There are 2 protein chains.
Amino acid sequence: MFDFVDAYDRAYERAAEAHGFTAAQACVLGRVQAPRGMRELADELGCDASNITQLVRRLEARGLVEREISPDDRRGRLLRRTPDGDRAYAEFETSFEFARDVTAGLDPDEQEQLTRLLRKALGS
Amino acid sequence: MFDFVDAYDRAYERAAEAHGFTAAQACVLGRVQAPRGMRELADELGCDASNITQLVRRLEARGLVEREISPDDRRGRLLRRTPDGDRAYAEFETSFEFARDVTAGLDPDEQEQLTRLLRKALGS
DNA sequence: TATTGTTATACTCTATAACTATA
DNA sequence: TATAGTTATAGAGTATAACAATA
């Protein structure tokens with residue numbers, strides 16, 4: 001199980017770095033297809049809000065996301081990918097082939113079985 | 001699959017922090033039950049040797065590992081856990097219950113099946 | 001000349017504390 | 001008074017480059 005998780009993590013990081021961002025940045029990028037508040041994002045990722053600020057600062061500097069004041073609550077900012085960000089993230093996703101590679105070695109029955117077991121194990 | 005890996009990673013980090021070290025430190029600690037060279041360790045973890053130096057410096061400062069000049073090759077250092085390190089790592093391992101918790105929700109048949117599928121997926 | 005490990009340095013991730021603006 | 005987000009700061013992980021000692 002350790003080896004499996006380790007292989008997944010390494011593949012994720014390799015794919016991110018191949019596109020010029022880090023694993024943490026890819027994680028944020030993947031969650032802002034639709035505009036999101038930063039607080040919401042911090043809660044979802046289980047990290048401090050100040051951390052999101054830093055991650056977003058770097059992504060914004062590279063033109064991959066943009067922030068705007070929320071129309072509903074002027075304290076909040078809505079975060080969203082730019083067209084460049086959409087493109088970069090799509091390429092990243094394509095190159096992150098772990099799930100595909102890993103299930104390629106399994107029969108269709110086994111793939112289904114694995115998904116079922118992982119889901120049941122997590123209790124979700 | 002992402003959720004599963006994420007849950008594993010978080011559990012690993014929580015367990016490590018509960019014992020006062022980080023995930024990376026736990027990882028090193030787990031690999032030096034028997035004396036190991038630092039180069040060997042860097043290759044195994046897929047990171048730079050200078051990184052190992054830093055990690056070991058912190059572990060050594062806390063008395064969890066010790067270094068000595070290798071008798072075979074005086075350029076090398078052999079790294080090994082101290083008795084304190086053994087104790088700390090054993091406690092960490094006990095508290096890292098992810099694999100146990102996760103498989104507790106599965107029947108014995110399913111547990112076996114999951115192990116088999118993960119192994120086959122990795123091609124090992 | 002090649003290899004082991006260290007040091008200096010720099011970047012990123014992350015958290016805590018203090019702050020601003022808004023509610 | 002409480003909440004969203006920022007800034008300053010600090011510790012940890014990581015890599016690159018330059019270096020020392022040894023092979």
Side-chain angles (χ1 to χ4, degrees), chain A residues 6 9-10 12-32 35-62 64-80 92, chain B residues 6 9-10 12-32 35-62 64-80 92:
Chain A
D6 194 44
D9 287 338
R10 285 171 199 264
Y12 192 87
E13 193 157 344
R14 260 204 317 277
E17 280 177 7
H19 292 277
F21 35 83
T22 66
Q25 288 168 3
C27 198
V28 169
L29 216 43
R31 287 166 196 264
V32 291
R36 308 284 301 278
M38 304 193 43
R39 174 81 250 163
E40 194 184 339
L41 214 53
D43 290 341
E44 198 170 305
L45 298 178
C47 72
D48 193 82
S50 64
N51 190 18
I52 300 292
T53 300
Q54 306 304 329
L55 290 169
V56 166
R57 189 169 50 72
R58 290 179 195 117
L59 287 169
E60 199 176 27
R62 297 192 38 209
L64 299 177
V65 301
E66 37 186 32
R67 267 178 306 188
E68 64 185 36
I69 293 176
S70 162
D72 303 333
D73 179 344
R74 286 173 47 204
R75 290 173 301 181
R77 304 289 148 96
L78 291 180
L79 186 65
R80 137 186 58 198
F92 159 76
Chain B
D6 194 45
D9 286 338
R10 283 171 200 266
Y12 191 87
E13 193 158 343
R14 261 203 317 276
E17 278 175 10
H19 293 277
F21 35 83
T22 65
Q25 286 168 5
C27 198
V28 168
L29 218 42
R31 287 165 195 265
V32 291
R36 306 286 301 277
M38 306 194 41
R39 175 81 250 165
E40 194 183 341
L41 214 54
D43 290 341
E44 198 169 306
L45 298 178
C47 70
D48 194 82
S50 64
N51 190 18
I52 301 292
T53 300
Q54 308 303 327
L55 290 169
V56 166
R57 189 171 49 71
R58 290 179 194 116
L59 288 169
E60 198 176 27
R62 298 190 39 209
L64 300 178
V65 301
E66 39 187 30
R67 265 178 308 186
E68 63 184 37
I69 292 176
S70 163
D72 303 333
D73 178 344
R74 285 173 49 205
R75 289 172 304 179
R77 305 287 149 97
L78 290 182
L79 186 65
R80 136 184 58 199
F92 158 76

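Quick caveat, the model's predicted, so the values are computed rather than measured.
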- [ ] Before accepting this row, confirm whether a basic side-chain N of the pair A/E44/A/R31 lies closer than 4.0 Å to the acidic partner's carboxylate O.
- [x] yes
Minimum-distance nucleotide to [X] side chain [options: [options]]:
{"X": "B/D48", "options": "C/dT6, D/dA15, D/dG13", "answer": "D/dA15"}
{"X": "A/L55", "options": "C/dT22, D/dG5, C/dC13", "answer": "C/dC13"}
{"X": "B/T53", "options": "C/dT7, D/dG5, D/dA15", "answer": "C/dT7"}

Check the distance between [N]'s [atom2] and [X]'s [atom1] and give it to me in whole angstrom.
{"X": "B/E13", "N": "D/dG13", "atom1": "CD", "atom2": "P", "value": "10 Å"}
{"X": "B/E60", "N": "C/dT7", "atom1": "CD", "atom2": "P", "value": "11 Å"}
{"X": "A/L45", "N": "C/dC13", "atom1": "CG", "atom2": "C1'", "value": "13 Å"}
{"X": "B/R75", "N": "C/dT1", "atom1": "CZ", "atom2": "P", "value": "17 Å"}
{"X": "A/R77", "N": "D/dT3", "atom1": "CZ", "atom2": "P", "value": "18 Å"}
{"X": "B/Q25", "N": "D/dA12", "atom1": "CD", "atom2": "C1'", "value": "8 Å"}
{"X": "B/D9", "N": "C/dT14", "atom1": "CG", "atom2": "C1'", "value": "16 Å"}
{"X": "B/D43", "N": "C/dT3", "atom1": "CG", "atom2": "P", "value": "12 Å"}

- [ ] Report the residue (A/D72 or A/A24) whose heavy-atom-nearest nucleotide on DNA chain C is the more 5′ of the two.
- [x]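 The 5'-side residue here is A/A24.
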Open item on the list: Between B/L78 and A/A49, which residue's closest nucleotide on DNA chain C lies nearer the 5′ terminus?
Closed with: B/L78
Report the distance from atom [atom1] of [X] to atom [atom2] of [Y], rounding to the nearest 0.5 Å.
{"X": "A/R77", "Y": "A/M38", "atom1": "CZ", "atom2": "CE", "result": "8.5 Å"}
{"X": "B/D6", "Y": "A/C27", "atom1": "CG", "atom2": "SG", "result": "7.0 Å"}
{"X": "B/T53", "Y": "B/E60", "atom1": "OG1", "atom2": "CD", "result": "10.5 Å"}

Task: Residue met sooner reading DNA chain D from 5', once A/G76 and A/R57 are mapped to nucleotides - done: A/G76
- [ ] Would you kindly compare B/G46 and A/M38 by the position of their nearest DNA chain D nucleotide and give the one closer to the 5′ end?
- [x] A/M38
TODO: State whether the side chain of B/R62 and the backbone N or O of B/G20 hold a donor-acceptor pair below 3.5 Å, judged by distance alone.
DONE: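 Flag set: sc B/R62 to bb B/G20 pair under 3.5 Å.
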Open item on the list: Could you check whether any side-chain N or O of A/Q25 sits under 3.5 Å from a backbone N or O of A/T22, counting only pairs where one atom can act as donor and the other as acceptor?
Closed with: yes
Open item on the list: I'd like to know if B/R39 reaches the base of C/dT4 with its side chain, counting only an N/O donor and acceptor under 3.5 Å.
Closed with: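 Side chain to base: no pair below 3.5 Å.
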TODO: May I ask you to verify whether the side chain of A/S50 and the base of C/dT16 hold a donor-acceptor pair under 3.5 Å?
DONE: yes
So, is [X] near the phosphate of [N], with a side-chain N or O under 4.0 Å from OP1 or OP2?
{"X": "B/R58", "N": "D/dG13", "value": "yes"}
{"X": "A/T22", "N": "C/dC13", "value": "yes"}
{"X": "A/N51", "N": "C/dA15", "value": "yes"}
{"X": "B/Q54", "N": "C/dT7", "value": "no"}
{"X": "B/R74", "N": "D/dT22", "value": "yes"}
{"X": "B/R67", "N": "C/dT6", "value": "yes"}

